[in-house]
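As the structure lists them, so they are numbered: ligands from 1, and atoms in each ligand from 1.
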Amino acid sequence: MNNPIGIFDSGVGGLTVLKEIKKKLPAEKLIYLGDTARVPYGNKSKDTIVRYSIENTKFLMQFDIKLLVVACNTSTATSLRILKETFDIPIIGVIEPGAKKAVEITRNYRVGIIGTEATIRSSAYKEEIKSLNKKISVFSKPCPLFVPLVEEGLLKGPIVDDVIAHYLKFFKNKDIDTLVLGCTHYPLLKSSIGKFFGNEVKIVDSATETSNMVLQLLKEKGIISRRKKALEPDYYVTDAAERFLKVGRTILGKDLEKVAVVHVGK
Ligand code: DGL
């Protein structure tokens with residue numbers, strides 16, 4: 001029960017997922033790995049992303065984790081099935097929770113998905129949504145410039161509004177009533193994206209939905225920690241800890257305690 005929960009992302013974006021898990025489960029020990037040496041995953045091939053995802057999981061397995069959260073949409077889209085076949089622990093990705101929420105809240109059965117090129121290319125969200133309800137029409141758009149905007153700390157203002165309009169005008173004649181933020185970085189752009197659509201479109205943030213699923217799974221398996229006090233997460237990155245600390249502060253709204261640089265893979 002008191003074993004840690006492992007979380008990995010291609011970099012810093014998965015902290016949006018960690019933040020939500022920590023809010024709901026403060027007494028759990030969280031171990032986060034950001035593969036900052038090899039980020040971004042979003043423009044890489046499936047084979048490469050699968051290899052990185054396996055290496056990241058092997059790294060986290062050494063801590064005897066009771067659950068793995070793949071806090072990266074690109075890794076989830078390309079590698080979740082293979083990770084589940086390879087490792088004998090419960091594994092949660094970020095796509096199923098976001099897709100479920102979208103299916104639950106759409107009223108006109110027209111849902112938009114935004115994410116990295118690899119996530120959209122994989123059709124993982126579309127397949128998940130269609131498997132839940134065939135009648136839903138799914139419209140997908142990769143938004144490759146959103147990740148660098150967030151990494152630069154540009155979350156609001158004219159540049160952000162222009163980039164958002166550049167990609168999201170695609171949805172203007174699609175009549176969607178729900179949009180899934182299918183990338184870990186996008187929750188930071190939520191208010192700017194919301195401004196673009198006005199009130200017509202509900203925005204699903206997969207970080208929040210994933211934390212709900214983590215809580216539910218721990219309850220079902222009876223493995224919620226019985227600790228009384230809150231614990232700080234341990235952070236590991238594969239390169240450039242300073243940048244991780246800087247963007248991490250924006251995401252978590254506070255300084256990260258300490259970050260260790262590690263080598264993952266061969
Ligand atoms: N973490 C990735 C995702 O959620 C975004 C960054 C990347 O391209 O690696 O898709």
Pi-cation contact, Y109 with K135 (under 6.0 Å, within 45°):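 No - K135 does not lie over the ring of Y109 by the 6.0 Å and 45° rule.
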Which residue pairs satisfy the side-chain hydrogen bond (donor to acceptor under 3.5 Å, both in side chains) criterion with at least one member in [range], sequence neighbours excluded?
{"range": "residues 171-193", "value": "T106-D177, E151-H185"}
{"range": "residues 193-203", "value": "D161-K195"}
{"range": "residues 239-252", "value": "R249-D255"}

To the nearest 0.5 angstrom, please state how far the CG atom of L252 sits from the OH atom of Y235.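 One gets 5.0 Å once the value is rounded to the nearest 0.5 Å.
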Pair Y167 + F146: ring centers closer than 6.0 Å: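 Yes, ring centres under 6.0 Å apart.
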Short N or O contacts of ligand 1 with protein, under 3.5 Å, listed by atom name?
residue	atom	partner	partner atom	Å
ligand 1	1 (N)	D9	OD1	2.7
ligand 1	1 (N)	S10	OG	3.1
ligand 1	1 (N)	T184	OG1	3.0
ligand 1	4 (O)	N73	N	3.0
ligand 1	4 (O)	N73	ND2	3.4
ligand 1	4 (O)	T184	N	3.0
ligand 1	4 (O)	T184	OG1	3.1
ligand 1	8 (O)	Y41	N	3.4
ligand 1	8 (O)	G42	N	2.8
ligand 1	9 (O)	S10	OG	2.6
ligand 1	9 (O)	Y41	N	2.7
ligand 1	10 (O)	T74	N	3.2
ligand 1	10 (O)	T74	OG1	2.6

